[in-house]
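First listed ligand is number 1; within each ligand, the first listed atom is number 1.
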Amino acid sequence: MKPFRALSLFLLLFVAIRPAECQQAAPAAPPQASTTSAVWNALAQPAMDPSHAATVKDLTLQRDRLKLTLAEGTLQFLQPVNGVVFGAAFRGKGRLEVTPPDPREAQQLRLFTKQDTLNLEFTEATITFTDHTFEEIAAKVQWGAVADSSLGELYIDRQRYREDAAAEILPRVLKGVFSADRRRTAYFATDLKTAEYGWLHARFDALSPEEISVGRWRDFGPRKEVEVWTSFPAGGRSAASAWNDPTGKDDFDIRSYKIDATATSGAELSATARVHLQHKASGERLLLFLLDSNLRVESVKDGQGTALEFFQPRESKDRPQSYGDYVAVVLPQPTQAGQAQSLDFHYAGKRIIRKVGTGAYFAQSFGWYPTKADSFATRADFEINFRSPKRYALVATGSKVDETTDGDWRISSWKSHIPLAVAGFAFGDFKFQAEKAGTVDIHIYANREPDDFMKSIRNQIDGSLPGEDTFGRPSVGSLSPAALTKTMAIELANTVRVFEKYFGPYPYKQLALTNIPYSYGQGWPGLIYLSALSFMDSTQRNAFGIRDHVQLTDFFRAHESSHQWWGHRVGWKSYHDQWLSEGFAEFSGNLYVQIRQNNKEFLDRLRKDRENLQGMRDQKNRLMESLGPIWMGQRLSTLDAPGAYSFLVYTKGGYVLHMIRMMMWDSRNPADPEARFIAMMHDFTKTFDNKPASTEDFKAIVEKHMTPVMDVHGNRRMDWFFNQYVYGTGIPQYDFRYQVQDAGGGKWKVSGTATRTGVPDNWIDILPLYIHQPKGAVRLGFLTTDKSTTTFELPLLNFKPEKLSLNANEDILAEIKQ
Ligand SMILES: [Zn+2]
């Protein structure tokens, strides 16, 4: 079930800055046309300014490493609003030049363009900005070119495209225009038409940790997105330092939520969310929130109950891509850094909850209350009161602190005891089962009736004969998820016990699990959504021809359960660090298979992972593993390699942690060979308890616990390892030869060579050397291979070894031939 894993999203990261809105700007409150709504309307319906057109020649706009040259042609600006000019269109001959700041970004640029330094001609361009672009150009040109009405059409065309692509540029411009600190909020975005690649998008956004980003607009099926070619911080900062404080550039922090929500049996959601925030920047008039645009905001009020103006994109309904998912809230007064504020959002809508069978609902957890886009790097307190149909159970993140009924309604209250990254809920006609894992309450909520997803699977195979299907196989029975509640409770409790041992205390008071009608899983704090497929028993899975049981059961449950540690107890600072969540969860799934099943199954899985990493190719027949380091995160997925993120970050990310585990394995301490690794993992979760961590943060923890053998350069650094396997690409192959000679006197001489190919000559591995005896393989030590051929000779042995091998426990992501 490969797609199963590929789809095993832990979360739907909203990485892309989602676009914009135009024609149907949502009604603003108060209703009278204010300055803000006048600007909004002008942004949404841009008009050309005939008095600001110019013929340009060799005009250069430089934004850090992004250089735009308008060699010759006509440039025309939009009409100013509130004294601010924010857009222009160009036709003629121009050139975009970008010099990547480091080899990693250069490698990415080459991958897409075959260029080391980007240098492309364009013939049309639109520029949208809130910085000094107008003043800069006005000082260099003479107004008076013949106004070109087609430039107005060009600008509007591109704006419409960006709205279709949910690029959320209009609210971003509105924010910049109304900011008192136009330098802090500077924004410069351009669409450029090229002969080779169609429309490109290049931008400088001072509010993003990686200010510079360049890519190409592409259609990913029904969705339009920018395929990012390069993205990096301005001013020569490293990505690690730019993301070290991941919310450092944010306008505000969200401290807590109080949400009163109603979920109906008609699958509607309505809510009032009170958001307590603290401003971090002064002089801001516009605050941007993320909220699913299927939820329509009726009002936003401040702490005094004053209705505030706000803007929302068009409703997306069942369109595969939204027009953006923002709520732009206009404050009557500019913000003061350090000041606390509360905002009440009142909203309602369909499609956030979907009815998926009799008594079965799927509640989309993301986007149902206003958040910042990067909520996984932050934590907030949640207090949620739900009204839901009395005949159904409801489960949410946090602990249930109260439950009453009121007529046909059930009213339940949920409170987080520590701040959470996200909050979610599920409700339906559930069978409930409780279990304990130490002090942790395990709660299973399983639908009594099969949901639509299970029914559709059953319909594909069910025959007419009672007791068997059309293929003569035994009937799969009722397919009720509720039938497996006891098993699920016991198995889930087991995962918690294993992970508490390896990773430290479970962070919450209980862990609830419910089935969802999809083939993936999602882990929310204290609440897991697991595919209905994993609620089938082995007879049912056999009937569907699903052979990979471990993948669907032990591995899958453990992967999702481990996200309580990876993602929730320890968050991630940026998209670069998401392997600390998905890779670690993959590692955890495999670890659980090793303990729950057996070592053979575990090693088979690792071998399969390695073979896939060595064999899987993208649509251009390039080895997936060569496309980029796992540190590139979601940028790995492109139109040519749509599954590269989930394949590489999961599989190779998991392998990286496995390699560290094996390097730390202490074969001289058979009673507790994992003591060092376990101490390291506990230290990691304790140091970053309920906080985000970065790759460099994790590397520092590894360095604190590393063994002398791992200290290849004698500097207490693991750069050699991280540079190769996390920040780089490549899988070495070793040709292993050895000789055993009778040295006389009952002694045996063992010597050999390991010859490496497939990676650069300066690659370094510490290769575990095993000796095979009748009782099994024992690790003798490590060969440090820092050149293409490494020779070794063991101290004389007083027995004749049966066999020697490298990497007997798939210790290292390397292929060994011998
Ligand atoms: Zn996951």
Side-chain angles (χ1 to χ4, degrees), residues 1-15 364-366 375-377 397 420-422 424 491-492 495-496 498-499 502-503 506-508 511-516 518-534 548 550-593 605-606 609 612 630-634 636-637 642-658 681 684-685 692-693 695 698:
M1 288 295 286
K2 194 68 207 167
F4 191 91
R5 179 152 63 163
L7 283 170
S8 142
L9 314 176
F10 165 41
L11 43 73
L12 313 159
L13 228 213
F14 288 51
V15 202
Q364 167 195 314
S365 279
F366 215 85
S375 71
F376 270 83
T397 46
L420 310 176
V422 286
E491 294 293 346
L492 191 64
T495 66
V496 170
V498 168
F499 297 149
Y502 275 84
F503 310 142
Y506 175 79
Y508 313 107
L511 180 57
L513 175 75
T514 183
N515 57 293
I516 57 166
Y518 302 104
S519 58
Y520 63 87
Q522 282 184 333
W524 302 93
L527 173 63
I528 297 176
Y529 294 169
L530 211 57
S531 169
L533 291 173
S534 58
D548 192 358
V550 168
Q551 176 74 19
L552 267 177
T553 55
D554 293 324
F555 172 81
F556 189 51
R557 267 192 295 263
H559 174 116
E560 295 304 335
S561 159
S562 77
H563 276 309
Q564 301 301 316
W565 286 262
W566 314 130
H568 292 301
R569 186 162 177 203
V570 181
W572 65 86
K573 283 184 177 171
S574 79
Y575 72 93
H576 294 299
D577 311 310
Q578 223 174 328
W579 73 278
L580 299 177
S581 170
E582 291 303 351
F584 281 34
E586 203 76 349
F587 168 87
S588 307
N590 282 338
L591 172 71
Y592 187 70
V593 168
R605 293 183 60 80
L606 287 169
D609 283 348
N612 284 338
I630 55 174
W631 185 82
M632 280 296 160
Q634 308 241 358
L636 291 163
S637 283
Y645 160 76
S646 38
F647 171 56
L648 293 171
V649 167
Y650 285 52
T651 305
K652 192 175 167 191
Y655 227 114
V656 167
L657 187 55
H658 169 70
M681 297 308 276
F684 183 48
T685 55
T695 302
F698 176 63

Name the one of Trp565, Tyr502, Trp566 that satisfies side-chain hydrogen bond (donor to acceptor under 3.5 Å, both in side chains) with Ser588? Trp566

Heavy-atom side-chain proximity of Ser562 to Phe584 below 4.5 angstrom: no

Quick check: does Glu586 have an N/O/S atom under 2.8 Å of the Zn ion (ligand 1)? no

Take the angle between the ring planes of Trp524 and Phe366 and call it parallel below 30°, perpendicular above 60°, tilted in between. tilted

Given atoms NE2 of His559 and NE2 of His563, what angle do they subtend at the Zn ion (ligand 1), to the nearest 10 degrees? 100°

If you look at Glu582, which of its N/O/S atoms is nearest to the Zn ion (ligand 1)? OE1

Under a 3.5 Å distance rule, please check whether Gln564 uses its side chain to pair with a backbone N or O of Gly526 as donor and acceptor. yes

